[in-house]
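Read the numbers this way: they start at 1 and go in the same order the structure lists the ligands and their atoms.
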Amino acid sequence: MRQKLEEIRERAAKELEAATDLAAIEELRVKFLGKKGELTAILKQMGGVAPEERPKLGQLANEARGYIEQIIADKNEELQKAALANKLVEEKIDVTAPSKRRKLGSKHPLTIVLDEIKDIFIGMGFDIAQGPEVEWDYYNFEALNIPENHPARDTQDTFYITEKMLLRTQTSPVQIRVMENKKPPIRIIAPGRVYRADTVDATHSPLFHQIEGLVIDKGVTMADLKGTLELFVKSLYGEDSQIRLRPHHFPFTEPSCEIDVACFRCHGAGCPLCKGEGWIEILGAGMVHPKVLENGGVDPNVYSGFAFGMGLERVVMRRFNIDDIRLFYDNDLRFLEQF
Ligand code: DAH
């Protein structure tokens with residue numbers, strides 16, 4: 001039996017030495033140390049051994065078990081280390097390899113100019129306001145002093161959603177929403193999308209962008225309107241640009257005007273860019289109509305204000321020499337990548 005134990009020890013050591021993976025080691029563990037394993041089988045024969053021999057043999061058997069267990073533990077550790085080392089080599093990151101170039105996008109031309117315009121007004125102390133694009137007839141027309149059957153409604157081909165709900169045709173409804181929510185002094189611009197059922201061509205799109213402006217405080221006059229918008233135009237187009245105010249009519253302002261800037265190319269002489277006019281219209285503006293102030297909950301006996309509205313697309317088209325408004329919405333990379 002002593003011999004048998006010795007033999008199992010040696011064979012176990014040899015076979016474990018040859019094992020190359022964790023599964024093989026587990027198999028050998030079961031073979032030698034498992035319930036039906038060889039060592040266990042030997043111990044079961046202990047009954048046939050002389051009583052005085054038993055303690056000695058028991059000790060030897062335990063030693064053999066310990067010896068084999070130790071080999072298994074060492075072997076397991078060795079294999080795990082090897083596996084880890086292997087993994088580290090395989091997954092090694094070559095920090096000297098050249099990186100993949102990440103292509104940077106660019107701002108949309110409308111965003112480039114809008115950001116510039118926002119910065120100019122923020123610099124003058126304006127906040128940015130927003131309103132919904134799906135708007136009530138009340139805010140888009142009614143509260144702006146454009147009642148039903150008013151001719152101004154005809155000039156704005158409106159997308160109606162229901163009889164009382166529509167896609168806003170202008171950013172002017174934001175004026176009312178701001179007045180309803182904030183007490184004067186008010187100094188905001190409200191850029192955003194507007195919608196009109198125009199036939200699409202090189203200068204018309206059913207979706208375009210406007211920037212609304214509203215200033216309300218005690219004692220605001222037409223001089224403030226002119227000074228503010230002159231500073232704006234000079235900031236956008238250069239210190240030497242000139243503006244002129246031309247009388248006009250809007251239902252929500254009184255008096256109203258349109259603001260022209262002297263043609264950038266001919267400086268007033270007349271050329272194809274300004275269609276021979278010498279001047280280019282860029283803004284509608286005026287003193288906020290007392291009824292509109294009232295509709296916004298502002299007392300026209302205490303406060304006065306001015307408002308203005310401009311189209312963004314036309315400004316951007318002139319800036320970058322873009323001759324077709326549809327290019328803004330096509331998302332053609334050949335166009336967008338130029339900015
Ligand atoms: N809402 C006008 C339009 O779409 C533009 C406009 C003109 C806005 C004069 C104003 C303003 O605030 O005072 O044609």
Side-chain angles (χ1 to χ4, degrees), residues 117 121 126-133 135-147 150-159 166-180 186-198 203-217 220-230 232-233 243-261 280-293 295-296 298 300 303-315 325:
I117 292 173
F121 281 105
F126 283 64
D127 288 326
I128 310 289
Q130 273 186 314
E133 290 170 30
E135 185 55 284
W136 297 109
D137 181 286
Y138 172 77
Y139 287 101
N140 194 78
F141 291 127
E142 199 82 24
L144 290 167
N145 201 29
I146 315 175
H150 191 288
R153 289 201 182 205
D154 297 341
T155 64
Q156 306 198 351
D157 293 300
T158 310
F159 288 113
L166 44 75
L167 294 180
R168 68 180 180 189
T169 60
Q170 47 187 356
T171 44
S172 303
V174 184
Q175 290 188 29
I176 306 294
R177 291 185 174 274
V178 169
M179 283 190 268
E180 282 181 348
I186 290 170
R187 233 183 273 123
I188 59 105
I189 59 163
R193 295 190 186 115
V194 298
Y195 302 84
R196 289 186 199 176
D198 279 328
T203 54
H204 292 90
S205 160
L207 177 161
F208 58 102
H209 297 76
Q210 287 188 336
I211 300 151
E212 194 76 13
L214 179 69
V215 172
I216 297 175
D217 204 348
V220 173
T221 70
M222 198 88 184
D224 298 307
L225 181 163
K226 189 181 174 197
T228 304
L229 293 176
E230 189 162 32
F232 163 65
V233 168
I243 62 164
R244 76 174 181 192
L245 276 64
R246 210 167 10 81
H248 200 76
H249 173 265
F250 297 106
F252 32 86
T253 44
E254 180 58 37
S256 306
C257 63
E258 281 193 325
I259 294 183
D260 301 337
V261 56
I280 295 169
E281 181 242 311
I282 56 160
L283 280 154
M287 300 306 291
V288 182
H289 196 292
K291 271 198 198 163
V292 173
L293 288 174
N295 291 339
V298 173
Y303 294 103
S304 59
F306 67 85
F308 57 91
M310 63 188 291
L312 179 61
E313 273 78 353
R314 280 203 278 158
V315 175
I325 196 170

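- Annotation for E180: atom CD counts as buried by contact number, over 12 foreign heavy atoms lying within 6.0 Å.
- Ligand 1 has no atom lying under 4.0 Å from any heavy atom of R168.
- In this structure, F252 has a heavy atom closer than 4.0 Å to ligand 1.
- Counting heavy atoms under 4.0 Å from ligand 1, residue R196 touches it through the side chain alone.
- Here A285 has backbone heavy atoms under 4.0 Å from ligand 1, and that is the only part of it that gets that close.
- Within the 3.5 Å criterion, the main-chain N or O of S172 finds a donor-acceptor partner in the side chain of E212.
- For D260, the salt bridge (charged side-chain N to carboxylate O under 4.0 Å, His left out) criterion is met by R244, R246, not counting sequence neighbours.
- Neither the backbone nor the side chain of M310 has any atom closer than 4.0 Å to an atom of ligand 1 (non-hydrogen atoms only).
- In terms of modelled atom types and a separation under 3.5 Å, the side chain of R168 and the main chain of R193 share a donor-acceptor contact.
- In this view, Q210 and T171 satisfy the side-chain hydrogen bond (donor to acceptor under 3.5 Å, both in side chains) rule, not counting sequence neighbours.
- On a distance-only criterion, F250 and ligand 1 share no N/O pair closer than 3.5 Å.
- Inclusion of T169 in the set of residues having an N or O under 3.5 Å from an N or O of ligand 1 is not warranted.
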Practice task
May I have the step-by-step check of side-chain contact (heavy atoms from CB on, under 4.5 Å) for F306 and T253, ending in yes or no?
Solution key: CA-CA 8 Å; F306 67 85; T253 44; over 6 Å; no

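- In this structure, H248 does not count as a contact residue of ligand 1, since none of its heavy atoms falls inside 4.0 Å of the ligand.
- Considering backbone and side-chain atoms alike, E212 places an N or O below 3.5 Å from some N or O of ligand 1.
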